[in-house]
Amino acid sequence: MDLMAQPRTPGAPAGLQDMRALIAAGKRKQVIFAAVGLFCTMIAVLTLVAAFVDLLIDGMPRLTWDFLTSFPSRKATQAGILSAWVGSALVMLVTMFSAVPLGVGAAVYLEEYAKKNWLTDIIEINVTNLAGVPSIVYGLLALGLFVYQFGFGQSILSAGLTLALLILPIVIVATREALRAVPGHMREAAYAMGATRWQMIADHLLPYSAGGIMTGVIIGMARAIGETAPIITIGALTFIAFLPEAPITSSPPFVNFNWIWGEFTVLPIQMFNWVSRPDKAFQLNAAAAGVILLGMTLVMNGLAIYIRYQVRKKIKW
């Protein structure tokens, strides 16, 4: 019989009684902490659900196919979000293909290649601090660098690169933490089999840390899709009644990159434009657009979570 499970008896040694009391106190603290954590989680979840339901109730009358396929209009009942959600999708595409490779590459260099000295310490401190810089600062930086210095103009490319700078520190920090979470014996085993450093990174380290890297990408993209200040700073339009050129064409080479130079708007800016108007009908449009924005965020995050789940299933430690 387990001595720890035996009831306290008057004749038991004092040391054993103290140990049982200590274990019982620890279990009580564990139960209390779990209850407090569950309570806090439920408050956060219920707040999000309440906000979403409120948006859904207000915007439900406007959630129609015409609302998704119509351009903005001065008449609230005829206004749609076609240019806004297409612009958001294209900007997120540029952001993802800019921030993820650059962030992962920087994290791999800092974690696996860079020497530990004062220079790398300064770089690490600055990368961590950049994650907390207000987004408007990135907008001002992008206005001077991408719009004027590089001549990209007020385009989808400028917006995507601006948001890529915004989420780059998040991707770098998350990737470094994921790389550190891989057990050291995985590296040693790869080296023992004759692998080079790059072979160890490409064939073992990155596949095993892909789940953690995807978590950082999810967090970064979820922040980027809702940003407004840096996009307004670089000159995004508030009213646009046309679409950029299609990325896919029916004629060879079947891929068109002219769309990255097109003018654009995004869902948060369109919502801000409608909310600022006194007509209540436009505010209902903003609520419906908010539902679509949350839906796009959930779909994007759900896809990333699915990919992360599939990657983690293949990991055999």
Side-chain angles (χ1 to χ4, degrees), residues 41 44-45 48-49 51-53 55-56 59 63 65 67-69 81-105 107-108 131 156-157 159-179 181 202 205-228 231 243-244 246-248 254-257 259-260 264-268 270-271 288-315:
T41 302
V45 172
L48 177 61
V49 171
F52 180 76
V53 170
L55 282 177
L56 189 61
L63 289 175
W65 182 251
F67 184 71
L68 293 174
T69 57
I81 58 170
L82 177 60
S83 56
W85 73 259
V86 170
S88 290
L90 294 179
V91 169
M92 288 299 101
L93 192 65
V94 174
T95 300
M96 182 180 66
F97 281 101
S98 301
V100 175
L102 188 59
V104 173
V108 170
I156 293 174
L157 178 61
L161 293 177
T162 302
L163 296 180
L165 288 179
L166 180 68
I167 70 171
L168 191 59
I170 300 175
V171 177
I172 293 176
V173 172
T175 301
R176 295 192 66 187
E177 293 299 327
L179 294 175
L205 198 59
L206 287 179
Y208 290 141
S209 60
I213 295 173
M214 289 300 299
T215 300
V217 173
I218 292 170
I219 296 172
M221 295 297 290
R223 178 184 178 185
I225 196 172
E227 284 292 341
T228 306
I231 302 300
L243 293 178
I248 306 297
F254 304 109
V255 178
N256 177 27
F257 290 100
W259 57 271
I260 65 175
F264 70 100
T265 189
V266 291
L267 278 169
Q270 186 65 72
M271 292 170 59
V291 174
I292 300 300
L293 180 61
L294 286 175
M296 290 180 63
T297 304
L298 291 175
V299 170
M300 183 176 61
N301 291 350
L303 179 61
I305 291 172
Y306 174 77
I307 295 174
R308 182 181 65 184
Y309 172 73
Q310 294 298 324
V311 169
R312 284 181 173 176
K313 280 202 313 182
K314 300 177 182 180
I315 295 179

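Every heavy atom of this structure was used, including side-chain atoms; hydrogens, water molecules and symmetry mates were not. Because the structure is predicted, anything quoted here is derived from the model rather than measured.
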Handout entry: From CA spacing to verdict: side chain to side chain contact (heavy atoms under 4.5 Å, CB included), Leu243, Ser83
Key = CA-CA 6 Å; Leu243 293 178; Ser83 56; 4.2 Å; yes

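- Put simply, the side chain of Ile231 reaches to within 4.5 Å of the side chain of Phe264, judged on heavy atoms.
- Here the closest heavy-atom approach between residue Pro101 and residue Met96 is recorded as CD-O, 3.7 Å.
- Considering CG of Asn301 and CD1 of Ile218, their distance stands at 6.0 Å, rounded to 0.5 Å.
- For Ala164 against Thr95, the heavy-atom pair with the smallest separation is N-CG2, 3.8 Å.
- With Ser88 contributing its side chain and Leu267 its backbone, the two residues share a donor-acceptor pair below 3.5 Å.
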Practice task
Given side chain to side chain contact (heavy atoms under 4.5 Å, CB included), test Leu206 with Val108 step by step and report yes or no.
Solution key: CA-CA 9 Å; Leu206 287 179; Val108 170; 4.0 Å; yes

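- Heavy atoms only, all atoms of each residue included: Ala224 and Leu163 are closest at O-CD1, 3.7 Å.
- In this structure the side chain of Val100 reaches within 4.5 angstrom of the side chain of Val104, judged on heavy atoms.
- Smallest separation of non-hydrogen atoms from Pro247 and Leu90: CG-CD2, 4.0 Å.
- A distance of 11.5 Å separates CD1 of Ile219 from CZ of Arg223, quoted to the nearest 0.5 Å.
- For the pair Ile292 and Leu63, the minimum side-chain heavy-atom distance is below 4.5 Å.
- Of all non-hydrogen atoms in Ser98 and Leu161, the two that sit nearest each other are OG-CD2, 3.5 Å.
- The two residues Leu82 and Thr69 come nearest to each other via the heavy atoms CD2-O, 3.6 Å.
- With rounding to the nearest 0.5 angstrom, the OH atom of Tyr208 is 14.0 Å from the CG atom of Leu179.
- Atom CG in Leu56 sits 10.0 Å away from atom CG in Leu294 (nearest 0.5 Å).
- The CG atom of Leu93 lies 9.5 Å from the CD1 atom of Ile156; values are rounded to the nearest 0.5 Å.
- In the displayed structure, Trp259 atom CH2 is contacted under 6.0 Å by more than 12 heavy atoms of other residues, nucleotides or ligands.
- From Met221, atom CE reaches atom CD1 of Ile225 across 7.0 Å, with rounding to the nearest 0.5 Å.
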